[in-house]
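Everything numeric here is computed off the predicted structure, so don't read it as measured data. Residue numbering restarts at 1 for every chain, and letters A, B, ... go by the order of the sequence lines.
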Amino acid sequence: MAKTAKEPLIRLSKKDGVSEVKAWAYRGVAVIFGFLFVTLFMYIVIGMEPVTLFETMFEGAFGNSIYLSSTIVYATKLLCISVALAPAFKMKFWNIGAEGQLLAGGLATAIVMIYLGSSLPNWLLITVMFVCSILAGAIVGVIPAFFKAKFNTNETLFTLMMNYIVINLVDFYCNKWRGKASSLGELNMATRAGYLPNIFDSEWALNLIIVLILTILMFLYLKKTKHGYEVAVVGESVNTAKYAGINVKKVIIRTMIISGAICGICGFITVSGQDHSISSLTTGGGYGFTAIIVAWLAKFNTIQMIFISLFIVFLEKGTELISNTNDAFDASASKIVIGIVLFFIISAEFFINYKVHFRKKHEA
Amino acid sequence: MKNITKSFGKNVIANKNVNLDINKGEILSILGENGSGKTTLMNMLSGIYCQDSGEIYVNGNLVSINSPKTAFELGIGMIHQHFKLVDVFSATENVALGLSKSEKFNKNSIKNKIIEICDKYGFEIDPDKKIYDMSVSEKQTVEIVKVLYRGADILILDEPTAVLTPQETKKLFKVLRKMREHGKSIIIITHKLHEVLALSDKVAVLRKGEYVGTVETKNTNEKELTEMMVGKKISLDIERAEPKNTTDRLVVKNINCINYEGVKLLDNISFTAKSGEILGIAGIAGSGQRELLESIAGLQKLNEGEILYNNPKTGEVDNLRDKTPIQIRELGVRLSFVPEDRLGMGLVGNMDIIDNMMLRSYRKGKSVFVNRKKPKGLAEKIIEDLEVVTPNAKTPVRRLSGGNVQKVLVGREIASAPSVLMAAYPVRGLDINSSYMIYNLLNKQKERGVAVIFVGEDLDVLVELCDRIMVINSGKITGIVDARNTTKEEIGLLMTKTDSLDTQGGEE
């Protein structure tokens, strides 16, 4: 049992307070490292030159008006969901159910479009759609919150399960509506009833404006209002919140109503303003989860979310073009690229928070 | 034959230059108040923490304990205060959990070995019983057996008797003595003096992370140990004005509080807090101080009793029991509460000083927006008046030192012009200067006619600062004394006065 004494090789200690500027510098360096790794990866796998790689990525994201509008549409959606998640995550309520809440809003919108499309004037129809989408999103969001507040259930599992319920509900309606057709297609194609108007000659401008307004409102809500203050206190420490006399249950329920409602609005603008149809892919194919990363990276600051969502969609659209033009590189490989870059950014968080000490070489 | 010497030099001063040694077949007690670093020290020995400096020797070899696994390999086993058992497993299965991979998982052979161990040391245990069916004492037995099964020669028990009835404690001690006969070394962490004297061979005393010394049990007595534990008298000079125009402000009548495990946290507590007076509460940490204050603040549900508040404004009497903190506020009752756990309860660590200022007052006004103007003014005033060392008012409280955090908290509570001010360990971890500033603040509040309730650990301060001192032990009042005519020793004895008078431990 003769063990020699050795300090551990690597020891971690927590850093205290890194300035915001420095933190972003860390992240910037991480992005650079991430891209270096990506270029290496791409060179080895498909033999793509680094310069071509970046050219293709920029081309795919911003190259022409079609690519550009696609990037904006997706970034808008990602931003909207991230904004919806911000208050819940700030409260440390792990809302994994954005997919379901968004689809619930979208489904409510589609139902109103189909069943009331011909009987209501357009402005009233859109208003009803809007209200119903908010209600639907909020209801799906508040159910796990209610159980969390009353019985302290695990919100991660609960919100996740709610996703499956709503996804299958959407599939059920899609199958019902499409009848014998192969897919649902555009709803109310002939009458365009319940379509959000195009402004500035584009389909996405109105959506973008709505989402930017929500982003600013949420920023103010979290930073400047009493509600936002309560959310922050509950997120930091439930004990402190109770000590301060905050009704924790009420705050949890209220915050999830808001979170779910904004997801519902996202469903509404997607169905009414963009797709004019619905399917379980209305969420952008997993944006409800991608938004969690956005919310975390932005530290629940919704203004920062604008840039982060744009960056992630840039990666996605850029690599999409690479996979479209390269046989050796399919769509799943583009996910690998995004994964690599995100992984580097997230590891930057580790170095922002911790300092690494190596064993000193003394009395060796 | 076996010597562990251990010295540390930690910046956070959880432990500072501690030296311990224990021989084979010996029981060593580690004595000290809560927060004196007993558990930290033992965690280093059992591989949960790693010491910053200093050396540990086992059997004369210098070792480095990086993980609980290494500790096991060295024959060190720890029995934690909070059991680490899997509820749905049986005793045997729990023991099997920590076995090394090379060992074959054979339930029957494990079971037989457990029975063997039990017979050897005199444990009584049913190896097939599920943990959730067990009493606290049985669970503890499983923990001990688990450690012995793995071949531990050095056992560390962290406050093992805190959860036991007197009868169970007796049984435990019998077993421990038997283990000593078999050559095991036992380290027991406790703050119950009579247990120390009854059980151990040697006593090591810690105070505020510092090693005071080790004494042979047979050469010492309760008084000497208390002195070592509490420290030599430091001459303090706290101005103490005579209470003026005292009236009964808060009358607590027969309150009882039982937690979900059926342990009585507060046992029939009755007292009166008067305006213009500082009522000290003394007792070993964890004797119910926290629960008492929290029940007055509306944070702790009571099983029986009432808390009557004589409202100086309306002249009415309100019962605070079972009211929420908000309701207590709305009644016009002004309780300012400096909780024990400053950053976990009184303040929000990641928020800046301004945001923390409004924690209890942000609701004021009808606007949906928070008004940060007043809190900002208050923050700046407190920083200036109380000499808070901080870059500015926008610094997260977490980054301030302990003393400054406390100033922020006490400053905020006093700013709400309370009529009852409760402070739990307000000077814990503070240097002398900051401590005095807090004492002065409390004294000023007393002169303003506030009823101050002060929970303290330093008996010297309690004796010099308070007007009356209430001593509690295990949730019961063991005496209320006049601070002007008492001694530290008297309070110390009241603090540890237990089982001889405690007849109800085993009943239920």
Side-chain angles (χ1 to χ4, degrees), chain A residues 1-20 90-92 152 217-251 254 258 299-301 353 357 359-360 362-363, chain B residues 50-53 55-67 70 73-75 294 297-300 324-330 337-339 341-351 355-356 358-372 375 391 395-396 398-399:
Chain A
M1 287 284 287
K3 280 200 156 214
T4 45
K6 255 187 191 169
E7 259 183 70
L9 182 62
I10 295 172
R11 201 158 53 88
L12 302 176
S13 65
K14 209 158 162 44
K15 276 187 203 171
D16 215 22
V18 171
S19 73
E20 191 73 348
K90 184 150 190 185
M91 195 176 65
K92 302 237 160 76
N152 197 24
L217 285 180
M218 182 52 77
F219 182 80
L220 295 176
Y221 179 78
L222 290 177
K223 290 259 162 164
K224 299 282 177 199
T225 66
K226 291 175 183 174
H227 283 187
Y229 183 73
E230 288 175 343
V231 167
V233 176
V234 171
E236 282 287 335
S237 158
V238 172
N239 265 337
T240 309
K242 282 183 184 155
Y243 163 77
I246 293 172
N247 185 339
V248 176
K249 290 176 185 175
K250 194 173 118 189
V251 174
R254 184 180 68 206
I258 293 168
K299 295 269 147 58
F300 323 124
N301 177 329
N353 287 315
H357 306 268
R359 182 169 61 207
K360 289 183 207 105
H362 55 82
E363 75 230 294
Chain B
C50 192
Q51 78 270 23
D52 288 349
S53 71
E55 285 133 21
I56 303 172
Y57 296 88
V58 177
N59 298 336
N61 299 323
L62 180 64
V63 295
S64 145
I65 305 175
N66 291 333
S67 68
T70 337
E73 284 165 12
L74 293 168
E294 286 186 2
L299 297 163
Q300 172 81 49
T324 63
I326 285 274
Q327 284 171 316
I328 290 175
R329 252 192 122 74
E330 278 167 358
F337 180 41
V338 184
D341 188 359
R342 286 165 218 155
L343 285 179
M345 192 167 183
L347 297 167
V348 183
N350 280 330
M351 285 186 174
D355 276 14
N356 270 296
M358 58 189 193
L359 190 60
R360 307 253 272 171
S361 58
Y362 73 95
R363 275 182 214 89
K364 265 183 211 148
K366 279 184 186 143
S367 163
V368 292
F369 293 103
V370 286
N371 181 349
R372 283 191 169 82
T395 308
R398 172 174 52 88
R399 276 198 237 158

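Both the backbone and the side chain of A:A232 come within contact range of chain B, judged by heavy atoms closer than 4.5 Å. Using a 4.5 Å cut-off between heavy atoms, B:M358 contacts chain A through both its backbone and its side chain.
Between B:M351 and A:Y229, the closest heavy-atom pair is SD-CE1, 3.9 Å. Nearest heavy-atom pair across B:L347 and A:T240 is O-OG1, 3.6 Å. Taking each heavy atom of B:L359 and A:A244 in turn, the nearest pair found is O-CB, 3.4 Å. For A:K224 against B:R372, the heavy-atom pair with the smallest separation is CA-NH1, 4.1 Å.
Listed options A:K223, A:K242, A:E230 were ranked by heavy-atom pairs under 4.5 angstrom with chain B; first place goes to A:E230.
Among residues two or more places apart in sequence or in another chain, the side chain to side chain donor-acceptor pair (under 3.5 Å) test is passed with A:N247 by none. Applying the salt bridge (charged side-chain N to carboxylate O under 4.0 Å, His left out) rule to A:K299 yields the partners A:E349; only residues at least two apart in sequence or on another chain are considered.
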